[in-house]
Amino acid sequence: MGTLLKLTLIGICLAFVAERIVQLSHRLNFSREVEPIDLPNCQLLKGIEYGSEDIEILPNGLAFISSGLKYPGLMNFAPEKPGEIFLWDLNEKNLRPSSLRFSSGFDISTFSPHGISTYIDEKDDTVYLLVVNHPHYKTTIEIFQFEEEENVLKHLKTIKHELLWNVNNIVALGPESFYATNDYYFSDFTMRHLELFFGLGWSDVVYYSPSEVRQVASGFYSANGIAMSTDKTFIYIADSFGHTLNVLEKHANWSLSPVKVLQLDTILDNLVVDPNTGDIWTAGHPNGKKVLLYNPDDLSGSEVVRVQNIHSDNPIVTQVYVNNGSVIQASSVAAVYEGKLFVGTVFHKAVYCDLE
Ligand SMILES: *[C@@H]1O[C@H](CO)[C@@H](O)[C@H](O)[C@H]1NC(C)=O
Ligand SMILES: *[C@@H]1O[C@H](CO)[C@@H](O)[C@H](O)[C@H]1NC(C)=O
Ligand SMILES: *[C@@H]1O[C@H](CO)[C@@H](O)[C@H](O)[C@H]1NC(C)=O
């Protein structure tokens with residue numbers, strides 16, 4: 001090969017890599033710094049030190065919190081400790097969250113809980129808790145029945161399916177049916193970094209029921225949080241690395257069709273819909289580098305964003321709480337209950353504050 005041709009090819013490769021790095025630094029917001037925004041009366045939740053990745057609040061004020069996620073590439077302060085589900089009664093906030101017991105037979109030693117979702121059977125008020133689990137870094141969906149009298153999670157079923165290859169979060173549609181987001185196309189550590197580097201939009205959303213499993217949405221950089229509108233007709237999906245909140249219409253046959261896409265600034269993580277107002281709450285990572293490359297001298301911050309009137313022509317996006325990591329690092333979820341904001345994190349503590 002001639003020298004000129006070689007140089008030209010090397011030049012093209014370098015230009016391509018440089019362009020990819022620019023794209024990547026944009027998607028991960030490598031250089032974004034945020035101004036703190038405080039709320040009154042913020043307090044840390046007692047006993048939660050190793051993550052509070054997802055929070056589900058039942059209408060009666062009982063909250064489930066998933067803690068102790070082990071996930072490739074993300075920090076974990078207690079890698080030997082199995083994951084936990086905490087229960088916290090928001091009507092008795094001075095009490096500590098309690099770590100729920102599991103019925104015998106469920107393997108807690110490999111428990112690594114990620115997204116959670118609840119389903120309440122209207123006939124008998126039975127509460128089902130669906131949990132994305134990563135035993136040995138694989139994906140299963142665990143279905144529990146919550147036995148409130150004994151504070152026990154009774155394990156009913158483990159779901160595995162080839163289409164549920166790398167699930168991040170779920171929204172329950174029934175005791176055994178749900179929509180699930182696969183945040184990466186590849187499960188392998190190296191391949192998923194290449195996926196991120198090349199900006200492959202291969203992440204998707206899957207509908208699961210015992211009788212049918214299929215892909216219902218695709219084309220996301222990293223489909224993460226998922227939630228349902230209060231009237232149950234729309235599904236909201238957070239595309240973390242796309243920085244978008246996606247609205248999809250849900251059809252009777254469980255298909256989803258795109259309605260609109262809202263661009264945000266943050267690397268949004270989980271989504272929670274306020275049952276009273278329909279507002280969408282998300283917590284996110286202001287700067288992707290800080291959360292993916294943990295550095296105790298340059299902590300990952302937290303950012304809570306509220307989206308109002310998503311279905312109107314002018315949704316209102318508000319940064320409600322922002323912290324530089326001095327209080328909580330790597331926020332992943334924000335939920336509201338009776339004038340209070342609850343913020344959970346991927347691997348750190350959890351905090352609650354008054355909403356003004
Ligand atoms: C962060 O990401 C958003 C959305 O892609 C973009 O508009 C913004 O310019 C980025 N900020 C920085 C500092 O990279
Ligand atoms: C589901 O229903 C929608 C709306 O009625 C329709 O457009 C779509 O083709 C259906 N999809 C399947 C897989 O049946
Ligand atoms: C983070 O914020 C706190 C309180 O607002 C401040 O004291 C501290 O210096 C900040 N840290 C960094 C690294 O900016």
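Counting begins at 1 with the first residue of the sequence. Atoms within each ligand, like the ligands themselves, are counted from 1 in listed order.
- Taking every heavy atom of Asn324 and a limit of under 4.0 angstrom, the matching atoms of ligand 3 come to 1 (C), 2 (O), 3 (C), 8 (C), 10 (C), 11 (N), 12 (C), 14 (O).
- For Ser332, the side chain to side chain contact (heavy atoms under 4.5 Å, CB included) partners at least two apart in sequence or on another chain are Glu53, Asp269, Asn270, Val346.
- Distance check: Arg101 CZ to Leu153 CG gives 10.0 Å after rounding to the nearest 0.5 Å.
- At distances below 3.5 Å, at least one donor-acceptor pair connects side-chain atoms of Ser52 with backbone N or O atoms of Thr345.
- How far CZ of Arg306 is from CH2 of Trp281: 5.0 Å, rounded to the nearest 0.5 Å.
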Can you give me a line-by-line list of nitrogen or oxygen pairs between ligand 2 and the protein shorter than 3.5 Å?
residue: ligand 2; atom: 2 (O); partner: Asn253; partner atom: OD1; Å: 3.3
residue: ligand 2; atom: 2 (O); partner: Asn253; partner atom: ND2; Å: 2.4
residue: ligand 2; atom: 11 (N); partner: Asn253; partner atom: ND2; Å: 2.9
residue: ligand 2; atom: 11 (N); partner: Ser255; partner atom: OG; Å: 3.3
residue: ligand 2; atom: 14 (O); partner: Asn253; partner atom: ND2; Å: 3.1

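- The aromatic rings of Tyr71 and His114 stand perpendicular to each other, their planes meeting at an angle above 60°, with 30° marking the opposite boundary.
- Ring pair Tyr352/Phe342 is parallel by interplanar angle, where below 30° counts as parallel and above 60° as perpendicular.
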